[in-house]
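Below: the structure, in structure tokens.
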Amino acid sequence: MAATFASRCSRVGRSLFGGLSNSSPGLFTTSHEITCNNMFTQQQRTFIQMRTVLKVVDNSGAKKVMCIQALKGKKGARLGDTIIASVKEAHPNGKVKKGKVVYGVVVRAAMPKGRCDGSEVKFDDNAVVLVDKQGQPIGTRVFGPVPHELRQKKHVKILTLAGHIA
């Protein structure tokens with residue numbers, strides 16, 4: 001299986017760089033060869049799981065956190081789920097210091113999530129808002145767009161702090 005996979009991908013390379021000569025066997029690529037080529041250029045988007053580094057989008061003092069555990073679900077966390085994370089980078093005068101274990105709510109995820117109307121929402125990065133054990137945000141501002149699916153997950157306070165609701 002791996003040999004046929006490699007040979008099909010090498011055919012893609014020949015067809016892209018073979019030029020317009022008649023001797024080249026692969027001037028026209030099949031759909032399988034195109035998907036084989038796209039597999040190497042596109043990154044697979046998955047759940048937010050253990051050791052995923054997320055951007056912090058509030059003014060709590062942390063810049064980046066690493067996910068330790070997703071609190072719901074076996075596979076990982078999605079939009080609106082709560083995670084336990086460790087602070088990896090922090091501002092010097094912030095409320096949260098480097099190395100502290102915190103709770104966070106995922107407000108942006110690169111994995112697509114379908115909506116009821118048939119559309120899907122997907123962000124460019126993975127971002128989190130830090131909260132305490134009761135679910136109240138640590139910071140007083142939330143930067144960037146926040147999806148309205150957080151209302152269904154009972155994170156209304158984060159929506160009120162957000163500047164833009166997507």
Side-chain angles (χ1 to χ4, degrees), residues 1-2 5-6 9 12-13 34-166:
M1 181 67 184
F5 179 74
C9 289
V12 171
I34 292 172
T35 57
C36 180
N37 190 24
N38 286 342
M39 188 170 25
F40 292 115
T41 58
Q42 293 179 350
Q43 181 182 4
Q44 179 68 29
R45 303 295 183 175
T46 60
F47 291 94
I48 293 169
Q49 54 194 354
M50 192 182 340
R51 297 183 62 87
T52 302
V53 177
L54 299 103
K55 182 179 172 183
V56 179
V57 291
D58 61 4
N59 61 349
S60 61
K63 293 180 189 177
K64 290 185 185 267
V65 296
M66 181 186 288
C67 178
I68 296 173
Q69 181 183 9
L71 292 182
K72 289 187 179 177
K74 292 180 183 177
K75 292 184 179 178
R78 296 185 79 169
L79 282 177
D81 290 345
T82 305
I83 62 169
I84 300 174
S86 171
V87 178
K88 292 298 175 185
E89 291 180 25
H91 291 289
N93 297 328
K95 298 176 190 174
V96 180
K97 302 298 180 198
K98 181 180 176 183
K100 186 175 178 185
V101 176
V102 293
Y103 287 85
V105 175
V106 178
V107 294
R108 290 200 294 262
M111 182 176 177
K113 176 158 173 51
R115 288 187 168 169
C116 297
D117 60 354
S119 64
E120 65 179 16
V121 61
K122 174 176 107 167
F123 294 97
D124 292 336
D125 60 346
N126 296 321
V128 69
V129 171
L130 300 184
V131 295
D132 57 8
K133 287 188 178 184
Q134 289 76 31
Q136 299 300 316
I138 295 175
T140 57
R141 295 176 64 196
V142 176
F143 306 111
V146 174
H148 67 81
E149 281 87 4
L150 294 179
R151 189 178 311 277
Q152 298 166 352
K153 302 267 186 158
K154 308 289 191 267
H155 298 294
V156 182
K157 181 73 174 173
I158 294 174
L159 285 173
T160 58
L161 296 175
H164 183 269
I165 297 173

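In this text the structure is predicted, and so the values were computed from the model without any measurement. FYI, the numbering just counts along the sequence from 1.
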Let me confirm one number: the [atom1]-[atom2] distance from [X] to [Y], rounded to the nearest 0.5 Å.
X	Y	atom1	atom2	value
K98	K63	NZ	NZ	10.5 Å
M111	F123	CE	CZ	14.0 Å
S86	I68	OG	CD1	5.0 Å

> What's the verdict on side-chain contact (heavy atoms from CB on, under 4.5 Å) for D132 and Y103, showing C-alpha distance, side-chain angles and the deciding distance?
Replying inline: CA-CA 6 Å; D132 57 8; Y103 287 85; over 6 Å; no
- Indicate yes or no: at least one non-hydrogen side-chain atom of V107 is less than 4.5 angstrom from one of V142.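 Result no, sub-4.5 Å side-chain heavy-atom pair not found.
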Note to self: Can you confirm whether L54 sits close enough to D125 that some side-chain heavy atom of one is under 4.5 Å from a side-chain heavy atom of the other?
What the structure shows: no
What heavy-atom pair brings [X] and [Y] nearest, and what distance separates the two atoms?
X	Y	answer
M66	R51	CG-CA, 3.6 Å
P137	V129	CB-CG1, 4.4 Å
L79	A109	CD2-N, 3.7 Å
P112	R78	O-NH2, 3.0 Å
G76	A70	C-CB, 3.8 Å
K75	F47	CD-CE1, 3.4 Å

query = For P145, does its backbone N or O pair with a side-chain atom of R108 as donor and acceptor, under 3.5 Å?
reply =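 Here the side-chain-to-backbone pair exists.
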Donor-acceptor under 3.5 Å (K97 side chain, P92 main chain):
yes
Which of V96, V87, V102, V131 passes side-chain contact (heavy atoms from CB on, under 4.5 Å) with S60? Answer is V96
Between D58 and R141, is there a salt bridge with N-O shorter than 4.0 Å?
->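 No, R141 and D58 are not salt-bridged.
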Does one side chain, of T52 or N126, offer a donor that lies under 3.5 Å from an acceptor on the other? no
For K95, I'd like to know if atom NZ has over 12 heavy atoms of other residues, nucleotides or ligands within 6.0 Å. yes
Counting heavy atoms not belonging to N93, are there more than 12 under 6.0 Å from its CG?
-> no
Decide yes or no on side-chain contact (heavy atoms from CB on, under 4.5 Å) for V121 and R115, but give the supporting numbers first.
CA-CA 7 Å; V121 61; R115 288 187 168 169; 3.9 Å; yes
Only distances under 3.5 Å count here; give the side-chain donor-acceptor pairs of residues 150-166 to other protein atoms, sequence neighbours excluded, each with its distance to 0.1 Å.
residue : atom : partner : partner atom : Å
K153    : NZ   : D81     : OD1          : 2.9
H155    : NE2  : G80     : O            : 3.2
T160    : OG1  : K157    : O            : 2.6

task: Kindly determine whether V128 and I48 satisfy side-chain contact (heavy atoms from CB on, under 4.5 Å), including the steps that lead there.
output: CA-CA 11 Å; V128 69; I48 293 169; over 6 Å; no
**Asked** Under the side-chain contact (heavy atoms from CB on, under 4.5 Å) criterion, do V65 and V53 qualify, and how do the steps go?
**Response** CA-CA 6 Å; V65 296; V53 177; over 6 Å; no
